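See below for the structure under consideration.
Heads up: numbering here begins at 1 and tracks the sequence. Hydrogens, waters and symmetry mates play no part in the numbers below; they use all other heavy atoms, side chains included. In each ligand, atom 1 is the first atom listed, and ligand 1 is the first ligand listed. Predicted model, so just to flag it, every value in this text is computed and none were measured.
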Amino acid sequence: MKKRILTGDRPSGKLHLGHFVGSLANRVKLQDEYDQYILIADVQAMTDNFENPEKVANSVRELVLDYVAAGIDPSRSTIVVQSMVPPIAELTVFYMNLVTLNRVLRNPTVKDEIRQKGFGDRVPAGFAMYPVSQAADITAFAANLVPVGADQLPMIEQTREIVRRFNQLYGETLVEPEALVGEFPRLVGTDGGAKMSKSLDNCIYLSDSSEEVIRRVMGMYTDPNRVRATDPGKVEGNPVFIYHDAFNVNKEEVEDLKKRYREGKVGDIEVKQKLAVAINSFLAPMRTRRNNLESNPAEVNRILSEGTERGRKVAEETLRRVKTAMKISYQF
Ligand code: TRP
């Protein structure tokens, strides 16, 4: 039997090239080798969007379009909507007794996010508890592996602790997952900043039109020390060349551009024009898949309802086993 993997996203707007490089590309690759579940974590998204639930709700279908555009095949990957799987919420309640308040608040990812979001001393309890609900996500689907970026490692560690505690208290029941830390390169923003981030407006989205891509690429940062096209330029760490390496399949062209850039024999305009062409051909098959699905809303419904149904069955079975282990599986 194939090993099961679970990945998840909080729905909160469209996905960009950074998401693709960092996780979607990997999911597309993994969907053959593994039994892949992808969780649209709308309940988790609520923990920091509860004042704008419509933002979360509106992103659910958009996420499906992004997934399919990126190459995720719903017949091979099961796409599940978290809020429609009540057993996840029930497991969360049971698991909350298996962690201490201090332990959740010490979770480095939670700590960072609390700081970033500026909650101050008004941290919503639901937000602080989200690692517990993530443990419920992972165990509900009995995932063996969870592909993660470095920032999510503490979540897996916390899940493993909960699983061990559960199994020790109530008997071997839950699957202890392992993190699958792949090569998840983080893509710099168009401004050369550490990563693409919606709030910094330095993203190229999978759903951008070709005009939009051209506009964003032409506005990219390059070597800040290069004033004229005849100045020798620096290729390393230069966002336009990082993108050329990531998205331009014409390696000869990339090498030629790098060489001429170092020698001061090519202008930024040409480098960027060629980059825009490369990114647009990279996105072209995604646009086709997106357009096909977008014109067929019933198909989006089918993907969401069939995936969620399949996921719910698995989660219900886990909950049943959990209640049996806890000896609260009453027969009234
Ligand atoms: N916390 C993850 C993020 O913010 C999303 C997520 C929710 C998730 N549930 C998950 C990831 C389960 C992996 C497994 O990106």
_Identity of the nearest option to atom 2 (C) of ligand 1, non-hydrogen atoms only, from Met155, His19, Gln82, Gln152_ = Gln152

_Quick test of your reading of the model: are Glu236 and Arg262 salt-bridged, counting only N-O distances below 4.0 Å?_
yes

*asked:* Closer than 4.0 Å to some heavy atom of Ala41 - which atoms of ligand 1 meet that?
replied: 7 (C)

_Derivation and outcome, salt bridge (Lys or Arg N to Asp or Glu O under 4.0 Å), residues Lys259 and Asp256_ = CA-CA 5 Å; Lys259 180 167 176 292; Asp256 170 63; over 6 Å; no

*Plane angle bin for His16 and His19 - parallel if under 30°, tilted between 30 and 60°, otherwise perpendicular*: parallel

*Whether Tyr243 side chain and Leu187 backbone form a donor-acceptor pair below 3.5 Å*: no

*Which protein non-hydrogen atom lies closest to atom 8 (C) of ligand 1, naming both residue and atom, and how far is it?*
Gln134 NE2, 3.5 Å

*Would you please test Lys14 and Asp66 for salt bridge (Lys or Arg N to Asp or Glu O under 4.0 Å) and show each step?*
CA-CA 7 Å; Lys14 46 196 182 179; Asp66 274 329; over 6 Å; no

_I'd like to know if Arg216 and Asp201 make a salt bridge, using a cut-off of under 4.0 Å between side-chain N and carboxylate O._
yes

*Nearest protein heavy-atom contact for atom 9 (N) of ligand 1: which residue, which atom, what distance?*
Asp137 OD2, 2.7 Å

*asked:* With heavy-atom distances below 4.0 Å as the criterion, list the atoms of ligand 1 near Leu6.
replied: 12 (C), 14 (C)

*When you measure from atom 7 (C) of ligand 1 to every protein heavy atom, which one gives the shortest distance, and what is it?*
Gln44 NE2, 3.3 Å

_Just to confirm my output: which protein heavy-atom neighbour is closest to atom 4 (O) of ligand 1, and how far is it?_
Arg10 NE, 3.2 Å

